[in-house]
Q: 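Take this structure first; my questions come after.
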Amino acid sequence: MGHVVLFHTVHGLRPAVIAAADRLRAAGHHVQTPDLYGVPATDTVDEGFALFDTIGHDVVLDRARAAVRELPPDVVLAGLSMGAGVAGAMLAERPGTAGLLLLHGSGGAPEEVRPGLRVDLHLADPDEYEPADELDEWRQAMTGAGAALAVHRYPGAGHLWTDPDSPDHDPIAAEATWTRVLAFLGTP
């Protein structure tokens, strides 16, 4: 899986997203990190949600569509938190997607999953944004649709544990995550 598009969190395109992309690039992958906001990133979740509301869901998705338009059909759609939802939303328009990589949030509609699609989900355990009952429903629907789903939980980690600039940062859980992500992506 050589091409990856990595969508940012509700904060915007923060240094942690660029660092994550650089880590994947160092492993030989071609990674794009589109700025879905077009303005500087925020410092807090509340500011991020306010910015998202100002920009608008449709504009964010239009920018995501533009970002993937010229990419190979077998790109890996990846996202961090809110970006996981954006990656999942792009699945409907990218039937040849090589994989769906979801960090800090779930995404993707089961009706858009082709049988055998590799989906890797990484979540804190528990995660304040992913209620257990909703996650179980989503998991059952995705596997029922034929997704090759792997769910990785990180007990005790905060929601954005891979982000060194977040109070949730957990370096041990983050390192385990990136090891699993690189295994999911394989050798380009």
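All residue numbers refer to positions in the sequence shown, counting from 1.
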Q: Set out, in order, the CA-CA distance, both residues' side-chain angles and the distance that settles side chain to side chain contact (heavy atoms under 4.5 Å, CB included) for Val151 and Met142, then state yes or no.
A: CA-CA 11 Å; Val151 177; Met142 291 295 274; over 6 Å; no
Q: Would you say the side chain of Arg63 lies within less than 4.5 Å of the side chain of Ile55, judging by non-hydrogen atoms?
A: yes
Q: Can you tell me if His159 and Asp127 form a side-chain donor-acceptor pair at under 3.5 Å?
A: yes
Q: To the nearest 0.5 Å, what is the distance between CD on Glu112 and CG on Leu91?
A: 6.5 Å
Q: Before you tell me yes or no, could you show the steps for Gln32 and Val75 under side chain to side chain contact (heavy atoms under 4.5 Å, CB included), namely the whole-Å CA-CA distance, both residues' side-chain angles and the distance that decides it to 0.1 Å?
A: CA-CA 10 Å; Gln32 290 196 356; Val75 68; over 6 Å; no
Q: Do any N or O atoms from the side chain of Glu47 and from the backbone of Thr44 form a donor-acceptor pair under 3.5 angstrom?
A: yes
Q: CD of Glu111: more than 12 outside heavy atoms within 6.0 angstrom?
A: yes
Q: Taking all non-hydrogen atoms of both residues, which atom of Ala84 and which atom of Gly105 are closest, and how far apart?
A: CB-O, 3.1 Å
Q: Over all heavy atoms of both residues, which pair between Leu61 and Ala89 is shortest? Give the atoms and the distance, please.
A: CD2-CB, 3.9 Å
Q: Only one of Val60, Asp35, Leu80, Val68 clears side chain to side chain contact (heavy atoms under 4.5 Å, CB included) with Phe7; which?
A: Val68
Q: Could you pull out the closest heavy-atom pair between Pro164 and Ala16, with the gap in Å?
A: CD-CB, 4.0 Å
Q: How close do Asp74 and Ala98 get, heavy atom to heavy atom, and via which atoms?
A: O-CB, 2.9 Å
Q: Would you say Arg114's side chain and Thr97's backbone share a donor-acceptor pair under 3.5 angstrom?
A: yes
Q: Got a second to check how far Leu103's CG is from Tyr154's OH, nearest 0.5 Å?
A: 8.0 Å
Q: Report yes or no: do Val76 and Leu100 belong to one cluster of Ile/Leu/Val/Met/Phe/Trp/Tyr joined by side chain heavy-atom distances under 4.5 Å?
A: no
Q: Going by atom types only, do Asp120 and His152 share a side-chain donor-acceptor pair under 3.5 Å?
A: yes
Q: Count I, L, V, M, F, W, Y as connected when their side-chain heavy atoms are under 4.5 Å apart, and connections chain through other members. Are Leu24 and Leu71 then in the same cluster?
A: no
Q: With a 4.5 Å cut-off on side-chain heavy atoms, are Leu160 and Arg14 touching?
A: no
Q: Return the minimal non-hydrogen interatomic distance between His11 and Tyr37, and the atom names on each side.
A: C-CE1, 4.0 Å
Q: Output yes when a side-chain donor or acceptor of Arg94 lies under 3.5 Å from a complementary backbone atom of Pro72, and no otherwise.
A: yes
Q: Report yes if some heavy atom in the side chain of Leu123 is under 4.5 Å from a heavy atom in the side chain of Ser106; otherwise report no.
A: no
Q: Between CG of Asp168 and CD of Glu128, what distance do you get to the nearest 0.5 Å?
A: 7.0 Å
Q: Would you sort out whether Ser81 and Val10 count as a side chain to side chain contact (heavy atoms under 4.5 Å, CB included), showing the intermediate values?
A: CA-CA 7 Å; Ser81 192; Val10 76; 5.8 Å; no
Q: Among the clusters formed by ILVMFWY side chains lying less than 4.5 Å apart, do Val119 and Val5 turn up in the same one?
A: yes
Q: Identify the heavy atoms of Gly12 and Val17 that sit nearest to each other, and give their distance.
A: O-CG2, 4.3 Å
Q: What's the separation between atom CG in Asp62 and atom NE2 in His57, rounded to the nearest 0.5 Å?
A: 10.5 Å
Q: Heavy-atom count around Ile172 CD1 within 6.0 Å, excluding the residue itself: above 12?
A: no
Q: Test your reading of the model: is there a side-chain donor-acceptor pair from His29 to the backbone of Gly186, 3.5 Å cut-off?
A: yes
Q: Quick one: does Arg118's side chain have a donor or acceptor within less than 3.5 Å of a partner on Phe184's backbone?
A: yes
Q: Evaluate the side-chain proximity of Leu121 to Leu135: yes if any heavy-atom separation is below 4.5 Å, no if none is.
A: yes
Q: Using the side chain to side chain contact (heavy atoms under 4.5 Å, CB included) rule, take Leu101 and His122 through it: C-alpha gap first, then chi angles, then the decisive distance, then the call.
A: CA-CA 8 Å; Leu101 176 59; His122 299 262; 4.1 Å; yes
Q: Are side-chain heavy atoms of Trp138 and Leu149 found at a separation under 4.5 Å?
A: yes
Q: Does Met82 share a hydrophobic cluster with Met90, counting links as ILVMFWY side-chain heavy atoms below 4.5 Å and allowing steps through other members?
A: yes
Q: For residues Val39 and Val86: do they belong to one hydrophobic cluster (side chain heavy atoms under 4.5 Å, members Ile, Leu, Val, Met, Phe, Trp, Tyr)?
A: yes
Q: About how many Å separate OG1 of Thr143 and CZ of Arg139, when rounded to the nearest 0.5 Å?
A: 8.5 Å
Q: Is there a donor-acceptor pair under 3.5 Å between the side chain of Trp161 and the backbone N or O of His104?
A: no
Q: Looking at side-chain heavy atoms only, is the closest gap between His169 and Asp163 below 4.5 Å?
A: no
Q: Can you tell me how far the CG atom of Leu13 sits from the OG1 atom of Thr33, to the nearest 0.5 Å?
A: 5.0 Å
